[in-house]
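Predicted model only: the values in this text are computed from it and were never measured. Residue numbers start from 1 in every chain, and the chains themselves are labelled A, B, ... in the order their sequence lines are given, proteins ahead of strands.
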Amino acid sequence: MNVADLTGLPDGVPEHFHAQGIEELYPPQAEAVEAGITEGESVVASIPTASGKTFIAELAMLSSVARGGKALYIVPLRALASEKKEEFEEFEQYGVSIGVSTGNYESDGDWLASRDIIVATSEKVDSLVRNGAKWIDDLSCVVADEVHLVNDAHRGPTLEVTLAKLRRVNPDLQTVALSATVGNAGEMADWLDATLVDSTWRPIDLRKGVLYGQALHFDDGTQQELARGNEKETAALVRDTLEDGGSSLVFVNSRRNAEAAAKRLADVTKTHLTDDERRDLLDIADQIRDVSDTETSDDLATAIEKGAAFHHAGLASDHRSLVEDAFRDKLIKVISATPTLAAGVNTPSRRVIVRDWRRYDGDIGGMQPLDVLEVHQMFGRAGRPGLDPHGEAVLIAKSHDELQELFDQYVWADPEPVHSKLAAEPALRTHILATVASGFAGTEEELLDFLERTLYATQTDETGRLETVTQHVLDYLDRNGFLERDDRLRATGLGHRVSQLYLDPMSAAEIIDGLRDADGKPTALGLYHLVSRTPDMYQLYLRSGDRERYTEIAYEREPEFLGHMPSEFEDNAFEDWLSALKTARLLEDWASELDEDRITERYAIGPGDIRGKVETAQWLLNAAERLAAELQRDDAEGIPSATTTAVREARKRVEYGVEEELLDLAGVRNVGRKRARRLYEAGIESRADLREADKSVVLGALRGRKKTAENILENVGRQDPSLDDVEADAETAATSARATNDGGQQSLGDFE
DNA sequence: TCCGGACAGTTCTAGACAGCATGTC
DNA sequence: CTAGAACTGTCCGGA
């Protein structure tokens with residue numbers, strides 16, 4: 001089928017595709033068109049990565065928009081939202097408008113309603129439905145990317161329930177689900193009343209193989225000799241690709257391994273760089289160091305100078321995009337990564353090496369082989385269409401037996417079927433409340449009827465399981481005052497609040513208990529601990545020695561904690577409580593202006609983890625504040641206003657990462673925790689001071705950076721922000737330099 | 001005296017969505 | 001329960 005044969009698209013779009021060099025549709029794309037994708041028919045496309053899924057989505061959405069409709073594209077990760085937005089923006093010239101909505105990147109609500117195509121995460125869509133966004137009713141087409149995610153115990157149910165709700169709101173909704181090749185795509189097609197397009201076709205050839213000793217065995221029966229002295233397998237593979245002019249992606253099973261591998265592989269890549277590349281890499285390394293001055297950041301920069309990099313969730317997001325971009329530009333020759341990269345933004349590579357195919361799993365306390373689906377996702381990163389002759393995906397065997405095992409287990413194996421995880425109690429807790437609160441079900445029958453529309457219902461034969469769990473969950477929600485049940489189901493004011501705030505009801509219950517328990521003004525640590533022990537916060541892991549260390553802190557600061565502290569003999573409960581304490585201490589350190597590198601060192605985490613924890617804490621404390629307000633309204637006991645004030649203060653402190661006295665200053669744009677502290681030390685203690693203060697003192701406190709200082713003065717609304725002819729005050733500058741060195745001396749005493 | 005290599009024992013483990021108000025891609 | 005890479009510490013031998 002030819003692009004010119006496509007009908008139903010906005011004017012100019014077929015020509016646009018043609019100009020892009022797309023003439024003949026790929027077979028799966030043609031199949032999707034035959035299934036009626038441009039005529040509003042629902043389709044489930046189960047096809048490999050990089051075989052033109054986005055194009056299928058575009059056909060569905062653009063034709064829908066051409067008919068006067070509105071399309072929604074659901075992405076699994078925030079990072080993918082902006083990537084997709086950029087791809088779709090090329091259609092703006094044909095009158096199609098694009099909008100994005102994710103938690104950290106919100107376009108104005110009304111503005112969003114006027115967009116033709118909206119890109120959002122599944123959680124954001126869920127939240128928009130809960131909050132009654134009007135434009136949801138106008139949708140004519142929804143595309144769900146990476147639907148196999150319904151298999152994920154944590155985030156899968158959200159996608160599942162969201163799709164069910166969207167289809168319920170609009171029964172004529174065209175549903176397009178894009179999935180990796182999975183074992184049971186047919187079941188998903190049944191669920192969504194869609195035509196199945198199931199194909200393993202790829203635009204460029206993918207050779208899969210296993211390395212054992214010196215021999216690389218491929219699935220087509222060929223073998224390649226890989227000369228290596230005492231070089232490690234991975235290094236030899238990377239070198240071989242490099243000599244062939246290609247780059248490699250190495251998947252390993254822990255962050256530490258990723259960092260260690262990058263360090264070692266840098267010795268291989270450094271001998272394969274041109275002078276130009278070396279210069280560009282130095283520049284990128286500098287940018288990396290600018291992102292954060294932690295050890296992780298420095299290690300990454302050092303590796304990048306030599307043409308290698310690591311990639312994992314402990315990196316700041318700026319780190320990640322710098323690495324991804326430089327890899328796409330072929331400057332970085334190899335990335336060693338944890339699975340973040342397999343699911344993340346598009347980073348294709350000539351060769352993919354899956355070094356570790358087992359991963360530690362805390363639930364069973366040992367190593368567990370990766371899912372076939374996961375390994376295939378990693379494989380799918382091999383080969384850049386149009387650039388590489390073919391892609392290569394390689395596993396590494398340590399014995400002859402393992403060679404055969406890996407072929408059977410991953411190379412030849414079909415991916416597992418995906419299974420709905422909806423029937424788990426934590427998932428239902430939040431979704432049942434939301435379903436009732438946003439009016440999708442007014443009785444238990446209606447609720448069960450709604451749940452019948454989920455993938456879970458189409459997959460299970462086991463009757464009664466869902467009913468039983470639903471009863472448990474309803475009891476729980478009733479008991480905690482989130483809903484009332486007689487012959488009907490009704491969410492209480494509190495229940496509505498919890499649903500809108502996107503909280504797990506269990507988190508809300510924990511927070512409410514804690515706030516009720518507070519008498520007087522709770523401390524920041526107490527509040528950080530409270531939110532850290534909710535199920536919505538990922539807790540830090542207790543390492544050796546931590547148990548003793550935090551037990552001691554727990555007793556020292558016992559009066560500060562809200563709610564009941566489990567006894568030391570309730571093993572699991574106590575451990576969890578201590579993990580939360582460790583997390584709370586991190587937040588307290590951050591809010592006490594402790595340097596980023598000290599924090600990463602103390603908790604053995606990366607700069608990205610600090611941002612993540614801080615962001616979550618901010619969100620949960622905001623929720624706590626609103627819950628307190630809600631209780632004030634319909635509860636005789638209420639929450640004392642001193643508590644609410646303390647919550648707000650704790651949230652602001654964690655948001656800016658500063659002590660209380662800097663809150664005013666840190667709110668000024670371009671003034672972060674460090675600059676605020678320097679200004680304060682120079683005697684400028686508030687925004688008002690900043691507007692009045694001697695300019696040379698301001699400049700001195702900001703270490704003579706004129707441009708920055710002018711911006712800041714402008715942002716704070718100073719009449720005449722110009723700093724021409726102003727010299728930095730020498731004494732202030734000297735003090736400022738000192739203040740930076742031992743800044744954040746508070747609360748250092750407890751360790752080492 | 002210093003250094004590297006071999007060896008044994010120890011340590012530690014992936015990921016990341018959401019609110020709100022403001023101000024940016 | 002079902003691991004394994006990397007790090008740490010120690011000892012030895014050679015220069």
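Of the candidates dA6(C), dA18(B), dC17(B), dA18(B) carries the atom nearest the T102(A) side chain, counting heavy atoms from C-beta on.
A cation-pi arrangement, defined by a distance under 6.0 Å to the six-membered ring centre and an angle within 45 degrees of its axis, is absent between K613(A) and Y538(A). Figure legend: cation-pi geometry between R255(A) and F310(A) absent, as NZ or CZ is not positioned both under 6.0 Å from the six-membered ring centre and within 45° of its axis. Geometrically, R115(A) does not engage W135(A) in a cation-pi contact defined by less than 6.0 Å to the ring centre and at most 45° from the axis.
Put simply, CG on D536(A) is 12 Å from C1' on dA16(B), counting in whole angstrom units. For E714(A) and dG23(B), the CD to P distance is 14 Å, given to the nearest whole Å. We find that CG of N715(A) is positioned 11 Å from C1' of dG23(B), with the value rounded to whole Å. Between the P atom of dA21(B) and the CZ atom of R648(A) lies a distance of 12 Å, rounded to the nearest Å. Here dA21(B) presents its P atom at 13 Å from CD of Q618(A), a figure rounded to the nearest Å. Between the P atom of dC17(B) and the CG atom of L149(A) lies a distance of 11 Å, rounded to the nearest Å. Per the geometry, CZ belonging to R497(A) stands 10 Å off C1' belonging to dC20(B), to the nearest Å. Atom-to-atom, CE of M537(A) to P of dC17(B) comes out at 15 Å; the value is rounded to the nearest Å.
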B/S/- contact track for nucleotides 5-15 of chain B, protein heavy atom under 4.0 Å:
------BSBBS
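Counting non-hydrogen atoms under 4.0 angstrom, S82(A) reaches nothing in the nucleic acid. At a threshold of 4.0 angstrom between heavy atoms, the contacts of R130(A) with the nucleic acid are absent. Among the protein residues, N257(A) comes within range of the sugar-phosphate backbone only, with heavy atoms under 4.0 Å from sugar or phosphate atoms but none that close to a base. Using a 4.0 Å heavy-atom criterion, one finds that K613(A) contacts no nucleic acid atom at all.
The side chain of R78(A) contributes an N or O atom lying less than 4.0 Å from OP1 or OP2 of dA18(B). Note on K232(A): every side-chain N or O is 4.0 Å or more away from OP1 and OP2 of dA5(C). Dashed line: the shortest gap from a side-chain N or O of S127(A) to OP1 or OP2 of dC17(B) is not under 4.0 Å. Side-chain N/O atoms of R264(A) include one lying less than 4.0 angstrom from OP1 or OP2 on dA6(C).
Between the P atoms of dC1(C) and dC20(B), the separation comes to 45 Å (whole Å).
With respect to the salt-bridge test (charged N to carboxylate O, under 4.0 angstrom), the residues K85(A) and E89(A) qualify. Comment: K421(A) does not engage D152(A) in a salt bridge, judged by the lack of any side-chain N to carboxylate O separation of less than 4.0 angstrom. One finds a salt bridge joining K84(A) and E87(A) here, because a Lys/Arg side-chain nitrogen approaches an Asp/Glu carboxylate oxygen to under 4.0 Å. We find that R155(A) and E123(A) are joined by a salt bridge, their nearest charged nitrogen and carboxylate oxygen being less than 4.0 Å apart.
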Before you tell me yes or no, could you show the steps for E160(A) and S122(A) under side chain to side chain contact (heavy atoms under 4.5 Å, CB included), namely the whole-Å CA-CA distance, both residues' side-chain angles and the distance that decides it to 0.1 Å?
CA-CA 9 Å; E160(A) 198 180 327; S122(A) 40; over 6 Å; no
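Listed for the S399(A) side chain is a donor-acceptor partner under 3.5 Å among the backbone atoms of E402(A). Not one N or O on the side chain of R130(A) forms a donor-acceptor pair closer than 3.5 Å with the backbone of A434(A).
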Just to be sure I follow the notation: if a pair is Watson-Crick (purine N1 to pyrimidine N3 plus N6-O4 or O6-N4) or a G-U wobble (N1-O2 and O6-N3), each under 3.5 Å, what dot-bracket string does DNA chain B give, with | for pairs to another strand?
|||||||||||||............
